[in-house]
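Following this message is one structure expressed as structure tokens.
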Amino acid sequence: MKEKNTNKTDREFLDVYLGETHPQEAEPSEQAVHAESASTPKRVSTKMRRGTLEAYKQAFLVPAKLTDRRAVYLSRATQKRADFVVRRLGDRGANLSSFVERIVRAHLEDYAEEIEEWRKL
């Protein structure tokens with residue numbers, strides 16, 4: 001259960017870092033904007049950011065030995081953004097192939113039950 005929460009947190013971090021927005025979050029209501037400005041802004045400590053970064057690195061930026069590989073194509077823009085993440089946040093040896101492999105595996109694990117249900121439809 002905790003692993004799923006970590007994967008969700010990692011995906012949210014990636015969405016924010018890469019500038020992704022979700023349609024339901026794209027335009028907050030006036031009430032939400034007013035409520036956010038009325039409350040005191042929360043500061044995220046450097047220690048907490050570092051901990052989140054380390055969790056992200058462990059989840060997605062650890063090099064993996066890929067055997068029986070297959071080609072996957074990305075748009076140029078997506079490839080550049082993903083490569084930027086790998087080069088800036090990854091340690092020595094991190095590469096785009098491992099990054100994509102780990103993201104896809106995490107997605108398939110997170111949605112395994114739903115995918116199985118949908119397959120039976």
Side-chain angles (χ1 to χ4, degrees):
M1 182 76 171
K2 186 176 180 178
E3 187 173 324
K4 279 192 173 187
N5 289 340
T6 303
N7 287 339
K8 183 179 178 184
T9 303
D10 292 338
R11 279 196 314 274
E12 289 171 355
F13 173 80
L14 181 61
D15 286 348
V16 170
Y17 186 80
L18 294 177
E20 297 292 324
T21 58
H22 302 284
Q24 67 270 20
E25 297 172 355
E27 295 180 10
S29 66
E30 286 184 33
Q31 267 185 328
V33 172
H34 180 68
E36 286 180 352
S37 62
S39 65
T40 57
K42 291 184 179 179
R43 291 189 64 213
V44 178
S45 69
T46 303
K47 185 177 181 179
M48 184 180 274
R49 275 194 305 259
R50 221 176 264 133
T52 304
L53 175 59
E54 288 305 314
Y56 182 80
K57 282 181 170 183
Q58 286 300 315
F60 300 112
L61 294 171
V62 175
K65 177 82 171 156
L66 301 176
T67 57
D68 194 26
R69 301 179 298 177
R70 299 289 182 259
V72 175
Y73 297 97
L74 302 171
S75 68
R76 184 177 305 273
T78 300
Q79 187 272 335
K80 282 184 176 183
R81 291 172 72 183
D83 197 49
F84 178 82
V85 171
V86 171
R87 300 288 172 240
R88 293 294 175 134
L89 301 180
D91 294 328
R92 186 175 182 89
N95 59 64
L96 188 56
S97 296
S98 295
F99 183 60
V100 171
E101 172 80 10
R102 290 183 181 276
I103 289 174
V104 171
R105 281 181 184 245
H107 173 81
L108 293 173
E109 288 173 10
D110 288 349
Y111 288 94
E113 292 173 9
E114 290 87 348
I115 291 169
E116 186 62 23
E117 287 176 20
W118 296 330
R119 185 185 67 80
K120 293 177 182 177
L121 294 179

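Values below: every heavy atom of this structure, side chains too, minus hydrogens, waters and symmetry copies. Quantities reported herein were computed from a predicted structural model and do not represent experimental measurements.
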Single hit among D91, L53, L89 for side chain to side chain contact (heavy atoms under 4.5 Å, CB included) with L61: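 With L61 as partner, D91, L53, L89 yield a single side chain to side chain contact (heavy atoms under 4.5 Å, CB included), made by L89.
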Test of understanding: with side-chain contact (heavy atoms from CB on, under 4.5 Å), list the residues that count as partners of E116, not counting sequence neighbours.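 Per chain and number, E116 pairs via side-chain contact (heavy atoms from CB on, under 4.5 Å) with R119, K120.
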When hydrophobic residues are tied together by side-chain contacts of less than 4.5 Å, even through go-betweens, does L66 share a cluster with V62?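 No, it is not one cluster - the side chains of L66 and V62 are not joined through contacts under 4.5 Å.
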Minimal non-hydrogen separation, D83 against L96, with atom names: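 What the structure gives for the nearest pair is N-CD1, 4.0 Å.
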Closest non-hydrogen atom pair, A94 against G90: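 In terms of heavy atoms, the two residues are closest at CB-CA, 3.8 Å.
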Heavy-atom neighbours of R87 CZ exceed 12 at 6.0 Å: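 Check passes, neighbour count above 12.
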Strictly distance-based, threshold 3.5 Å: is any side-chain N or O of S98 a donor or acceptor partner for the main-chain N or O of P63?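 Here the side-chain-to-backbone pair does not exist.
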To the nearest 0.5 angstrom, please state how far the CG atom of L74 sits from the NZ atom of K80.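 With rounding to 0.5 Å, CG (L74) is 13.5 Å from NZ (K80).
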Are the side chains of V85 and Y56 in touch, meaning some heavy atoms are under 4.5 Å apart?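 When only atoms from C-beta onward are counted, Y56 and V85 do touch, with a gap below 4.5 Å.
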For I115, all residues meeting side-chain contact (heavy atoms from CB on, under 4.5 Å), sequence neighbours excluded: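 Applying side-chain contact (heavy atoms from CB on, under 4.5 Å) to I115 gives L108, Y111, W118.
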Tell me the side chain to side chain donor-acceptor pair (under 3.5 Å) pairs involving residues 58-67, sequence neighbours left out?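 Applying side chain to side chain donor-acceptor pair (under 3.5 Å) to every pair that reaches into residues 58-67, excluding sequence neighbours, yields nothing.
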